[in-house]
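What follows is a single structure, written as C-alpha coordinates, with notes after it.
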Amino acid sequence: MNLTSLGGSARAVSIGFVADSAGGLGGTPAGLQQCLGSMLTAFERSVGFAEGVVMSFDPDVLLPNAFAASVERGLDDAVVACRNEQLDRDFLKFRELAAGQVRVGVASRESDPRARSSPRWQEILDVRGHGHELRAALVDASGQCWGALNFMREAGRPFTERDLQRVQSGIGHGASAIARSMVAGAAPAGAGLEPGSVWLDEAGAIIFASPAAQGWLDRLDAGSQAGFARALLAGLAMRAGREAGAVAVRVRTAGGWWVRARAEQITAARGRPRGVAVVIDAARADRVLPLAASAYRLTGREQEVVRRVLNGLDTRSVAASLHITEYTVQDHLKSVFDKVGVRSRRELAHEFAVCLG
(Lines give C-alpha, C1' and ligand atoms only; values in the text may rest on other atoms or scores of the structure.)
Protein backbone atom coordinates (compact mmCIF):
# COMPACT_ATOMS: atom_id res chain seq x y z
CA MET A 1 0.00 0.00 0.00
CA ASN A 2 1.32 3.42 -0.95
CA LEU A 3 -0.22 6.29 1.00
CA THR A 4 1.82 8.88 -0.83
CA SER A 5 -0.44 11.79 0.05
CA LEU A 6 -0.18 11.54 3.81
CA GLY A 7 3.10 13.20 4.55
CA GLY A 8 3.45 10.94 7.59
CA SER A 9 2.46 7.60 9.00
CA ALA A 10 -1.20 6.84 9.63
CA ARG A 11 -2.51 4.77 12.50
CA ALA A 12 -4.89 1.95 11.72
CA VAL A 13 -8.11 2.19 13.70
CA SER A 14 -11.48 0.53 13.87
CA ILE A 15 -14.25 1.51 11.49
CA GLY A 16 -16.26 4.47 12.75
CA PHE A 17 -13.47 6.03 14.80
CA VAL A 18 -10.49 7.68 13.19
CA ALA A 19 -7.29 8.53 15.06
CA ASP A 20 -8.83 10.63 17.86
CA SER A 21 -10.46 12.80 15.20
CA ALA A 22 -13.93 12.95 16.70
CA GLY A 23 -13.85 15.79 19.20
CA GLY A 24 -15.14 14.90 22.64
CA LEU A 25 -14.14 11.23 22.16
CA GLY A 26 -10.64 11.74 23.44
CA GLY A 27 -7.58 13.60 22.24
CA THR A 28 -6.81 16.40 19.84
CA PRO A 29 -8.23 15.93 16.34
CA ALA A 30 -5.76 14.47 13.88
CA GLY A 31 -4.58 16.42 10.86
CA LEU A 32 -6.86 16.05 7.87
CA GLN A 33 -4.40 14.03 5.77
CA GLN A 34 -3.68 11.71 8.69
CA CYS A 35 -7.40 11.31 9.27
CA LEU A 36 -8.04 10.39 5.63
CA GLY A 37 -5.11 8.00 5.59
CA SER A 38 -6.26 6.32 8.79
CA MET A 39 -9.72 5.81 7.37
CA LEU A 40 -8.27 4.33 4.20
CA THR A 41 -6.11 1.92 6.19
CA ALA A 42 -9.00 0.92 8.44
CA PHE A 43 -11.34 0.21 5.54
CA GLU A 44 -8.65 -1.70 3.66
CA ARG A 45 -8.32 -4.03 6.64
CA SER A 46 -12.02 -4.47 7.41
CA VAL A 47 -13.53 -4.35 3.90
CA GLY A 48 -10.66 -4.81 1.46
CA PHE A 49 -10.10 -3.45 -2.03
CA ALA A 50 -7.64 -3.47 -4.91
CA GLU A 51 -7.69 0.33 -5.07
CA GLY A 52 -9.21 2.85 -2.71
CA VAL A 53 -9.65 6.59 -2.32
CA VAL A 54 -10.96 8.58 0.65
CA MET A 55 -11.59 12.26 0.06
CA SER A 56 -12.85 15.24 2.03
CA PHE A 57 -15.31 17.82 0.68
CA ASP A 58 -16.07 21.45 1.27
CA PRO A 59 -19.65 20.64 2.36
CA ASP A 60 -21.12 23.78 0.79
CA VAL A 61 -20.22 22.71 -2.76
CA LEU A 62 -19.25 19.01 -2.45
CA LEU A 63 -15.92 19.60 -4.17
CA PRO A 64 -12.89 17.62 -2.93
CA ASN A 65 -10.35 19.60 -0.91
CA ALA A 66 -8.05 16.72 0.14
CA PHE A 67 -7.69 13.00 -0.49
CA ALA A 68 -5.68 9.90 0.32
CA ALA A 69 -5.26 7.11 -2.24
CA SER A 70 -3.87 3.60 -2.01
CA VAL A 71 -2.50 3.85 -5.56
CA GLU A 72 -0.72 6.85 -7.05
CA ARG A 73 -2.99 8.73 -9.46
CA GLY A 74 -1.76 11.16 -12.09
CA LEU A 75 -3.27 14.52 -13.00
CA ASP A 76 -4.99 13.10 -16.08
CA ASP A 77 -6.75 10.46 -13.96
CA ALA A 78 -7.88 13.09 -11.46
CA VAL A 79 -9.24 15.36 -14.19
CA VAL A 80 -11.21 12.48 -15.74
CA ALA A 81 -12.70 11.67 -12.32
CA CYS A 82 -13.59 15.36 -11.78
CA ARG A 83 -15.26 15.58 -15.17
CA ASN A 84 -17.25 12.43 -14.51
CA GLU A 85 -18.54 13.68 -11.16
CA GLN A 86 -19.29 17.24 -12.32
CA LEU A 87 -20.40 16.87 -15.94
CA ASP A 88 -21.05 13.31 -17.14
CA ARG A 89 -24.45 11.64 -17.03
CA ASP A 90 -23.74 8.63 -14.82
CA PHE A 91 -25.00 6.69 -11.82
CA LEU A 92 -23.88 6.47 -8.18
CA LYS A 93 -22.71 10.09 -8.17
CA PHE A 94 -21.48 11.22 -4.75
CA ARG A 95 -23.88 14.15 -4.64
CA GLU A 96 -26.78 11.78 -5.36
CA LEU A 97 -25.68 9.44 -2.57
CA ALA A 98 -25.32 12.43 -0.23
CA ALA A 99 -28.87 13.55 -0.97
CA GLY A 100 -30.45 10.09 -0.88
CA GLN A 101 -31.71 7.87 1.89
CA VAL A 102 -28.99 5.27 1.22
CA ARG A 103 -25.43 6.62 1.39
CA VAL A 104 -23.65 3.53 0.00
CA GLY A 105 -23.93 1.93 -3.43
CA VAL A 106 -22.21 -0.83 -5.38
CA ALA A 107 -21.93 -1.72 -9.04
CA SER A 108 -20.52 -4.67 -10.94
CA ARG A 109 -19.41 -5.10 -14.52
CA GLU A 110 -20.60 -8.71 -14.27
CA SER A 111 -24.20 -8.08 -13.22
CA ASP A 112 -25.11 -4.37 -13.38
CA PRO A 113 -26.36 -3.25 -16.84
CA ARG A 114 -25.72 0.40 -15.92
CA ALA A 115 -21.98 -0.24 -16.04
CA ARG A 116 -22.12 -0.98 -19.77
CA SER A 117 -22.98 2.61 -20.71
CA SER A 118 -21.27 4.36 -17.78
CA PRO A 119 -18.55 6.87 -18.76
CA ARG A 120 -16.89 6.24 -15.40
CA TRP A 121 -16.63 2.52 -16.08
CA GLN A 122 -15.46 2.99 -19.65
CA GLU A 123 -12.82 5.63 -18.83
CA ILE A 124 -11.69 4.67 -15.32
CA LEU A 125 -12.65 1.24 -14.00
CA ASP A 126 -12.29 -0.79 -17.19
CA VAL A 127 -9.00 0.93 -18.00
CA ARG A 128 -7.64 0.13 -14.54
CA GLY A 129 -8.80 -3.51 -14.70
CA HIS A 130 -11.54 -3.36 -12.05
CA GLY A 131 -14.78 -5.29 -12.10
CA HIS A 132 -16.56 -4.05 -8.95
CA GLU A 133 -17.02 -0.63 -7.33
CA LEU A 134 -18.28 0.62 -3.98
CA ARG A 135 -19.03 4.33 -3.49
CA ALA A 136 -20.24 6.10 -0.36
CA ALA A 137 -21.01 9.65 0.74
CA LEU A 138 -19.79 10.54 4.24
CA VAL A 139 -22.74 12.41 5.74
CA ASP A 140 -23.00 13.41 9.40
CA ALA A 141 -26.07 13.41 11.64
CA SER A 142 -27.03 16.93 10.56
CA GLY A 143 -27.05 16.00 6.88
CA GLN A 144 -23.75 17.66 5.92
CA CYS A 145 -21.57 15.72 3.48
CA TRP A 146 -17.89 15.99 4.44
CA GLY A 147 -16.35 13.49 2.04
CA ALA A 148 -16.65 10.26 0.10
CA LEU A 149 -15.23 6.76 -0.32
CA ASN A 150 -14.46 5.01 -3.60
CA PHE A 151 -13.29 1.38 -3.42
CA MET A 152 -12.62 -0.93 -6.39
CA ARG A 153 -12.01 -4.66 -6.73
CA GLU A 154 -10.94 -6.95 -9.53
CA ALA A 155 -13.42 -9.10 -11.47
CA GLY A 156 -14.77 -12.12 -9.60
CA ARG A 157 -14.53 -10.50 -6.17
CA PRO A 158 -17.77 -8.55 -5.63
CA PHE A 159 -18.55 -6.46 -2.58
CA THR A 160 -20.86 -8.32 -0.20
CA GLU A 161 -23.76 -7.23 1.96
CA ARG A 162 -21.42 -7.51 4.93
CA ASP A 163 -18.99 -5.09 3.23
CA LEU A 164 -21.81 -2.60 2.69
CA GLN A 165 -22.88 -2.88 6.31
CA ARG A 166 -19.34 -2.23 7.52
CA VAL A 167 -19.03 0.85 5.36
CA GLN A 168 -22.49 2.05 6.39
CA SER A 169 -21.62 1.68 10.07
CA GLY A 170 -18.61 3.96 9.65
CA ILE A 171 -20.23 6.78 7.68
CA GLY A 172 -21.41 9.02 10.53
CA HIS A 173 -18.24 8.78 12.59
CA GLY A 174 -16.11 9.13 9.47
CA ALA A 175 -17.91 12.32 8.45
CA SER A 176 -17.49 13.82 11.91
CA ALA A 177 -13.82 12.81 12.04
CA ILE A 178 -13.12 14.52 8.72
CA ALA A 179 -15.05 17.63 9.71
CA ARG A 180 -13.19 18.14 12.97
CA SER A 181 -9.82 17.24 11.53
CA MET A 182 -10.38 19.79 8.78
CA VAL A 183 -10.83 22.68 11.22
CA ALA A 184 -8.49 21.54 14.01
CA GLY A 185 -5.46 23.57 15.03
CA ALA A 186 -4.53 27.21 14.74
CA ALA A 187 -4.04 28.75 11.32
CA PRO A 188 -0.64 30.50 10.88
CA ALA A 189 -0.80 34.26 11.23
CA GLY A 190 -0.79 35.94 7.83
CA ALA A 191 -0.65 34.06 4.57
CA GLY A 192 2.05 36.33 3.10
CA LEU A 193 0.60 36.24 -0.41
CA GLU A 194 -1.57 38.67 -2.34
CA PRO A 195 -4.70 37.46 -4.17
CA GLY A 196 -3.89 35.66 -7.41
CA SER A 197 -5.79 35.14 -10.67
CA VAL A 198 -6.00 32.12 -12.94
CA TRP A 199 -7.71 31.80 -16.33
CA LEU A 200 -8.86 28.31 -17.25
CA ASP A 201 -10.40 26.84 -20.37
CA GLU A 202 -13.71 24.98 -20.22
CA ALA A 203 -11.89 21.70 -19.48
CA GLY A 204 -10.09 23.23 -16.50
CA ALA A 205 -6.61 23.55 -18.06
CA ILE A 206 -4.65 26.64 -17.06
CA ILE A 207 -4.29 29.26 -19.80
CA PHE A 208 -2.38 31.68 -17.58
CA ALA A 209 -1.79 32.30 -13.88
CA SER A 210 -0.46 35.37 -12.10
CA PRO A 211 2.72 34.98 -10.00
CA ALA A 212 0.66 35.25 -6.80
CA ALA A 213 -1.72 32.57 -8.03
CA GLN A 214 1.21 30.28 -8.81
CA GLY A 215 2.42 30.80 -5.26
CA TRP A 216 -0.97 29.69 -3.93
CA LEU A 217 -0.97 26.66 -6.23
CA ASP A 218 2.49 25.68 -4.99
CA ARG A 219 1.22 25.85 -1.40
CA LEU A 220 -1.78 23.70 -2.24
CA ASP A 221 0.45 21.11 -3.91
CA ALA A 222 2.90 20.96 -0.98
CA GLY A 223 2.23 17.81 1.04
CA SER A 224 -0.29 16.49 -1.50
CA GLN A 225 -0.04 14.20 -4.48
CA ALA A 226 1.47 15.84 -7.54
CA GLY A 227 -1.07 17.84 -9.51
CA PHE A 228 -3.58 18.19 -6.66
CA ALA A 229 -3.95 21.95 -7.20
CA ARG A 230 -4.52 21.51 -10.95
CA ALA A 231 -7.15 18.83 -10.30
CA LEU A 232 -8.84 21.11 -7.76
CA LEU A 233 -8.99 23.92 -10.34
CA ALA A 234 -10.31 21.55 -12.99
CA GLY A 235 -13.18 20.41 -10.80
CA LEU A 236 -13.94 24.01 -9.83
CA ALA A 237 -13.92 25.11 -13.48
CA MET A 238 -16.27 22.31 -14.52
CA ARG A 239 -18.69 23.19 -11.73
CA ALA A 240 -18.55 26.90 -12.57
CA GLY A 241 -19.17 26.06 -16.21
CA ARG A 242 -22.59 24.61 -15.38
CA GLU A 243 -23.62 27.05 -12.63
CA ALA A 244 -25.36 30.40 -13.13
CA GLY A 245 -23.17 32.24 -10.64
CA ALA A 246 -19.80 31.99 -8.94
CA VAL A 247 -18.63 28.84 -7.13
CA ALA A 248 -16.11 28.87 -4.28
CA VAL A 249 -14.25 26.11 -2.45
CA ARG A 250 -12.31 26.32 0.83
CA VAL A 251 -9.09 24.33 1.13
CA ARG A 252 -6.50 24.07 3.88
CA THR A 253 -2.85 23.75 2.91
CA ALA A 254 -0.40 21.37 4.55
CA GLY A 255 1.03 24.42 6.34
CA GLY A 256 -2.34 25.19 7.91
CA TRP A 257 -3.33 28.22 5.83
CA TRP A 258 -6.93 28.48 4.70
CA VAL A 259 -7.34 29.20 1.01
CA ARG A 260 -10.47 30.16 -0.91
CA ALA A 261 -10.72 29.71 -4.67
CA ARG A 262 -13.69 31.46 -6.32
CA ALA A 263 -14.55 30.70 -9.94
CA GLU A 264 -16.99 32.13 -12.46
CA GLN A 265 -17.45 31.97 -16.19
CA ILE A 266 -15.77 34.45 -18.52
CA THR A 267 -18.06 35.54 -21.34
CA ALA A 268 -17.29 37.31 -24.61
CA ALA A 269 -19.08 40.44 -25.77
CA ARG A 270 -21.87 38.37 -27.34
CA GLY A 271 -22.33 36.32 -24.17
CA ARG A 272 -20.61 33.15 -25.30
CA PRO A 273 -18.48 31.37 -22.64
CA ARG A 274 -14.73 31.87 -23.04
CA GLY A 275 -13.46 29.95 -20.04
CA VAL A 276 -13.39 30.35 -16.27
CA ALA A 277 -11.67 32.97 -14.11
CA VAL A 278 -10.52 31.94 -10.62
CA VAL A 279 -9.40 34.24 -7.82
CA ILE A 280 -7.29 32.52 -5.15
CA ASP A 281 -6.79 34.23 -1.80
CA ALA A 282 -6.50 33.62 1.91
CA ALA A 283 -9.91 32.68 3.29
CA ARG A 284 -11.19 35.29 5.71
CA ALA A 285 -12.27 34.28 9.21
CA ASP A 286 -15.94 34.84 8.34
CA ARG A 287 -15.56 32.25 5.56
CA VAL A 288 -13.99 29.66 7.86
CA LEU A 289 -16.08 30.11 11.02
CA PRO A 290 -19.25 28.67 9.41
CA LEU A 291 -17.22 25.61 8.41
CA ALA A 292 -15.97 25.15 11.98
CA ALA A 293 -19.48 25.75 13.31
CA SER A 294 -20.83 23.03 11.00
CA ALA A 295 -18.08 20.65 12.08
CA TYR A 296 -19.22 21.04 15.70
CA ARG A 297 -22.92 21.20 14.75
CA LEU A 298 -23.49 24.61 16.30
CA THR A 299 -26.88 26.24 15.82
CA GLY A 300 -27.20 29.63 14.17
CA ARG A 301 -27.60 31.39 17.52
CA GLU A 302 -24.66 29.48 19.03
CA GLN A 303 -22.54 30.57 16.09
CA GLU A 304 -23.52 34.22 16.69
CA VAL A 305 -22.51 33.90 20.34
CA VAL A 306 -19.19 32.24 19.45
CA ARG A 307 -18.41 34.94 16.88
CA ARG A 308 -18.83 37.64 19.52
CA VAL A 309 -16.90 35.74 22.17
CA LEU A 310 -14.00 35.28 19.73
CA ASN A 311 -14.10 39.04 19.12
CA GLY A 312 -13.53 39.59 22.85
CA LEU A 313 -17.01 40.62 24.03
CA ASP A 314 -18.02 39.79 27.59
CA THR A 315 -21.34 38.18 28.51
CA ARG A 316 -23.17 41.48 29.03
CA SER A 317 -22.01 42.84 25.67
CA VAL A 318 -22.92 39.63 23.85
CA ALA A 319 -26.40 39.72 25.41
CA ALA A 320 -26.91 43.37 24.48
CA SER A 321 -25.79 42.88 20.87
CA LEU A 322 -28.12 39.90 20.39
CA HIS A 323 -31.03 41.34 22.46
CA ILE A 324 -31.13 38.31 24.73
CA THR A 325 -30.53 37.87 28.46
CA GLU A 326 -27.15 37.12 30.01
CA TYR A 327 -28.58 33.83 31.29
CA THR A 328 -29.44 32.87 27.71
CA VAL A 329 -25.90 33.70 26.62
CA GLN A 330 -24.54 31.42 29.35
CA ASP A 331 -26.92 28.63 28.27
CA HIS A 332 -25.70 28.93 24.69
CA LEU A 333 -22.08 28.91 25.82
CA LYS A 334 -22.65 25.80 27.94
CA SER A 335 -24.13 24.03 24.91
CA VAL A 336 -21.17 25.14 22.76
CA PHE A 337 -18.67 23.98 25.39
CA ASP A 338 -20.35 20.54 25.49
CA LYS A 339 -20.32 20.18 21.70
CA VAL A 340 -16.73 21.34 21.26
CA GLY A 341 -15.43 19.50 24.32
CA VAL A 342 -13.98 22.51 26.20
CA ARG A 343 -14.61 24.04 29.61
CA SER A 344 -13.80 27.74 29.24
CA ARG A 345 -13.80 30.65 26.82
CA ARG A 346 -10.04 30.43 26.66
CA GLU A 347 -10.18 26.79 25.58
CA LEU A 348 -12.93 27.67 23.10
CA ALA A 349 -10.77 30.41 21.58
CA HIS A 350 -7.91 27.92 21.29
CA GLU A 351 -10.15 25.34 19.61
CA PHE A 352 -11.46 27.94 17.15
CA ALA A 353 -8.04 29.47 16.54
CA VAL A 354 -8.34 28.06 13.04
CA CYS A 355 -10.74 30.94 12.35
CA LEU A 356 -8.50 33.64 13.76
CA GLY A 357 -5.38 33.30 11.59
Inset, instruction - Please round to the nearest 0.5 Å and tell me the distance separating atom CH2 of W199 and atom CD1 of I266. - result: 5.5 Å
Legend entry - CD/E194: more than 12 non-hydrogen atoms of other groups inside 6.0 Å: no
Legend entry - From CZ (R287) to CG (D58), nearest 0.5 Å: 11.5 Å
Inset, instruction - Using the ring-ring contact (aromatic ring centres under 6.0 Å, His included) rule, collect all pairs that involve residues 122-165, keeping only residues at least two apart or in two chains. - result: F43-F151, F49-F151
Legend entry - Salt bridge present between E123 and R83 (N-O < 4.0 angstrom): yes
Legend entry - Euclidean distance, N84 CG relative to K93 NZ, rounded to 0.5 Å: 5.5 Å
Inset, instruction - For the pair R307 and E304, find out whether any cationic side-chain nitrogen is under 4.0 Å from an anionic carboxylate oxygen. - result: no
Legend entry - S210 side chain to G196 backbone, donor-acceptor under 3.5 Å: no
Inset, instruction - Check whether any side-chain heavy atom of R103 sits under 4.5 Å from a side-chain heavy atom of F94, and report yes or no. - result: no
Inset, instruction - Any pair with a residue in residues 327-336 that passes salt bridge (charged side-chain N to carboxylate O under 4.0 Å, His left out), sequence neighbours left out, goes on the list, sorted by first then second residue, please. - result: K334-D338
Legend entry - Cation-pi, W257 ring and R219 (6.0 angstrom, 45 degrees): yes
Inset, instruction - Return yes when atom CZ of R316 has more than 12 non-hydrogen atoms of other residues, nucleotides or ligands closer than 6.0 Å, and no otherwise. - result: no
Legend entry - Residues that F228 engages under ring pair (Phe, Tyr, Trp, His ring centres under 6.0 Å), provided they are two or more places apart: none
Inset, instruction - Find the distance between CG (L348) and NZ (K339) and round it off to the nearest 0.5 Å. - result: 12.5 Å
Inset, instruction - Indicate yes or no for a side-chain donor-acceptor contact from D140 to the backbone of S176 under 3.5 Å, with no hydrogens or angles considered. - result: no
Legend entry - Euclidean distance, R120 CZ relative to L125 CG, rounded to 0.5 Å: 7.0 Å
Inset, instruction - Kindly determine whether R157 and E110 satisfy salt bridge (charged side-chain N to carboxylate O under 4.0 Å, His left out), including the steps that lead there. - result: CA-CA 10 Å; R157 189 167 168 248; E110 300 166 359; over 6 Å; no
Inset, instruction - State which residue, out of D163, L149, L134, fulfils the side-chain contact (heavy atoms from CB on, under 4.5 Å) condition with V104. - result: L134
Inset, instruction - Before accepting this row, confirm whether a basic side-chain N of the pair R345/E347 lies closer than 4.0 Å to the acidic partner's carboxylate O. - result: no
Legend entry - CZ/R230: more than 12 non-hydrogen atoms of other groups inside 6.0 Å: no
Legend entry - Check against side-chain hydrogen bond (donor to acceptor under 3.5 Å, both in side chains), E302 and S335: CA-CA 8 Å; E302 289 169 351; S335 176; 2.6 Å; yes
Contacts under 3.5 angstrom, residues 232-241 side chains, donor-acceptor by atom type, not counting sequence neighbours:
unit_1, atom_1, unit_2, atom_2, d
R239, NE, Q86, OE1, 2.8
R239, NH1, V61, O, 2.9
R239, NH2, V61, O, 2.8
R239, NH2, Q86, OE1, 3.3

Legend entry - Cationic N near anionic O, under 4.0 Å, E154 to R128: no
Inset, instruction - Determine which pairs satisfy ring-ring contact (aromatic ring centres under 6.0 Å, His included) with at least one residue from residues 306-348, sequence neighbours left out, and list them in order. - result: none
Legend entry - All side chain to side chain donor-acceptor pair (under 3.5 Å) counterparts of S321, not counting sequence neighbours: R308
Inset, instruction - Rounded to the nearest 0.5 Å, what's the gap from SG on C145 to CD1 on I171? Could you check? - result: 9.5 Å
